[in-house]
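Note that the coordinates shown come from a computational prediction; the quantities given were computed from them, not determined experimentally.
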Amino acid sequence: MLAPQPLISEDERERGLQTIVYEAAFSNTTAALTTGVILTTFALHLRADNFLIGLLASLPFLTQLAQLPAIALVERLRARKAIAVWSSVFGRMMLGTMALLPFAGGPAPLLLVAMTLVLCLLAAVGGCAWNSWMRDFVPDERMGRIFARRTTWATITTVVAGIGAALCLEYTQEGSHQRDLAFSALYLAGCVAGIASAAIVAGFPNRPWPTPDHVQLGCGN
């Protein structure tokens with residue numbers, strides 16, 4: 001299922017291009033429920049200190065350096081779809097583990113940082129493979145339109161999921177067992193949405209790695 005397809009029919013290609021748009025609803029639901037303000041609030045709930053909270057905020061940016069070795073990995077293995085899917089699956093499994101942290105006691109803040117580090121590293125590696133794969137799969141003349149529609153779906157779902165997460169926390173008392181359960185539910189829901197996203201991506205058509213003859217640089221006349 002993750003191996004390149006020697007031939008992709010026009011129908012398969014069109015279904016794949018449509019699915020790229022709708023998959024954003026799942027991946028951005030994951031982000032809305034588990035990152036940004038939600039992650040910071042979760043860290044505070046786990047009684048993380050200022051240093052750990054600052055470290056959590058910096059990890060998504062620091063781990064982008066992982067794209068440097070990821071380039072070599074993608075180039076060597078030439079399995080962009082497999083790298084994108086498996087990095088997504090294993091990374092988002094961290095979210096399911098994070099759902100247990102409200103009940104982990106003292107080590108919970110350090111475990112949150114460690115799991116976030118793994119998640120961000122795998123996201124950087126998977127993003128490198130995903131960008132290369134999509135650049136080859138989506139036609140140049142439709143690139144802007146397709147990713148504009150994807151951004152629209154991403155924005156809508158981020159707003160809806162973000163409001164839902166905010167309401168979930170608003171109606172639970174700070175420091176209470178109900179707040180523990182609320183965070184656990186948010187991260188579990190984020191994990192489920194993330195795995196669903198990876199499953200959808202696994203169904204995308206996958207062209208073989210392009211040969212040098214098929215790579216065009218610059219603008220033709």
Side-chain angles (χ1 to χ4, degrees), residues 1-32 34-35 60 63-97 115-154 157-158 190-217:
M1 187 175 184
L2 300 181
Q5 300 171 231
L7 295 174
I8 299 175
S9 70
E10 193 60 32
D11 287 344
E12 288 177 316
R13 184 186 185 90
E14 286 303 315
R15 283 196 300 271
L17 293 174
Q18 291 297 320
T19 309
I20 287 172
V21 174
Y22 303 132
E23 180 275 332
F26 292 90
S27 59
N28 283 273
T29 294
T30 296
T34 62
T35 63
T63 51
Q64 291 305 304
L65 294 172
Q67 291 205 32
L68 294 174
I71 293 171
L73 178 69
V74 172
E75 176 72 25
R76 181 176 181 81
L77 298 182
R78 302 198 169 193
R80 295 173 294 185
K81 182 177 181 179
I83 293 171
V85 170
W86 285 118
S87 63
S88 179
V89 169
F90 288 118
R92 286 158 175 175
M93 284 173 63
M94 291 295 101
L95 299 174
T97 308
M115 293 173 190
T116 302
L117 174 61
V118 173
L119 174 62
C120 291
L121 284 171
L122 289 172
V125 173
C128 184
W130 166 267
N131 291 335
S132 172
W133 178 20
M134 290 300 104
R135 176 62 185 85
D136 184 46
F137 178 66
V138 180
D140 290 349
E141 66 275 9
R142 299 174 63 183
M143 183 82 67
R145 184 165 67 254
I146 286 172
F147 280 94
R149 292 175 59 201
R150 179 180 168 86
T151 301
T152 300
W153 275 85
T157 53
T158 297
C191 176
V192 171
I195 297 298
S197 166
I200 293 169
V201 170
F204 288 176
N206 183 23
R207 295 175 60 182
W209 183 272
T211 62
D213 292 341
H214 293 157
V215 177
Q216 298 181 358
L217 301 178

Assess whether side-chain contact (heavy atoms from CB on, under 4.5 Å) is satisfied between Met143 and Arg135, documenting all intermediate values. CA-CA 8 Å; Met143 183 82 67; Arg135 176 62 185 85; 4.0 Å; yes
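When all heavy atoms of Val21 and Ile146 are compared, the pair lying nearest together is CG2-O, 3.8 Å. Heavy-atom minimum distance, Ser88 versus Ala198: OG-CB, 3.7 Å. For the pair Thr63 and Ala124, the tightest heavy-atom approach, listed with the atom from each and the gap, is O-CB, 3.4 Å. Here the closest non-hydrogen pair linking Ala154 and Thr157 is O-OG1, 3.1 Å. Taking both residues in full, the closest heavy atoms of Thr34 and Thr30 are given as OG1-O, 2.6 Å, listed atom of the first, atom of the second, then distance. The two atoms that bring Ala66 and Leu121 nearest to each other are CB-CD2, 3.8 Å, heavy atoms only.
At distances below 3.5 Å, not a single donor-acceptor pair connects side-chain atoms of Ser197 with backbone N or O atoms of Ala193. Between the side chain of Thr151 and the backbone N or O of Phe147, at least one donor-acceptor pair lies under 3.5 Å. For the pair Arg92 (side chain) and Leu119 (backbone), a donor-acceptor distance under 3.5 Å is absent. Under the 3.5 Å distance criterion, the side-chain polar atoms of Ser132 are left unmatched by any main-chain donor or acceptor of Cys128. The backbone N or O of Gln64 lies less than 3.5 Å from no partner atom in the side chain of Gln67, so there is not a single donor-acceptor pair.
Classified by interplanar angle (parallel below 30°, tilted 30° to 60°, perpendicular above 60°), the ring pair Trp153/Tyr22 is perpendicular.
Around atom CE of Met134, more than 12 heavy atoms belonging to other residues, nucleotides or ligands sit under 6.0 Å away.
Results of the side chain to side chain contact (heavy atoms under 4.5 Å, CB included) test with Asp11 over Glu14, Arg15, Arg13 single out Arg15 as the only residue that passes.
Here Asn131 contributes atom CG and Asp136 contributes atom CG; the two are 12.5 Å apart, rounded to the nearest 0.5 Å. Rounding to the nearest 0.5 Å places CG of Asn206 at 11.5 Å from CD of Glu12. In this structure, CD1 in Ile83 is found 11.5 Å from CG in Leu122, a value given to the nearest 0.5 Å. If you take NZ on Lys81 and CZ on Phe204, they are separated by 9.0 Å, rounding to the nearest 0.5 Å.
Proximity of Leu17 to Phe137: side-chain heavy atoms (C-beta onward) are separated by under 4.5 Å at one or more points.
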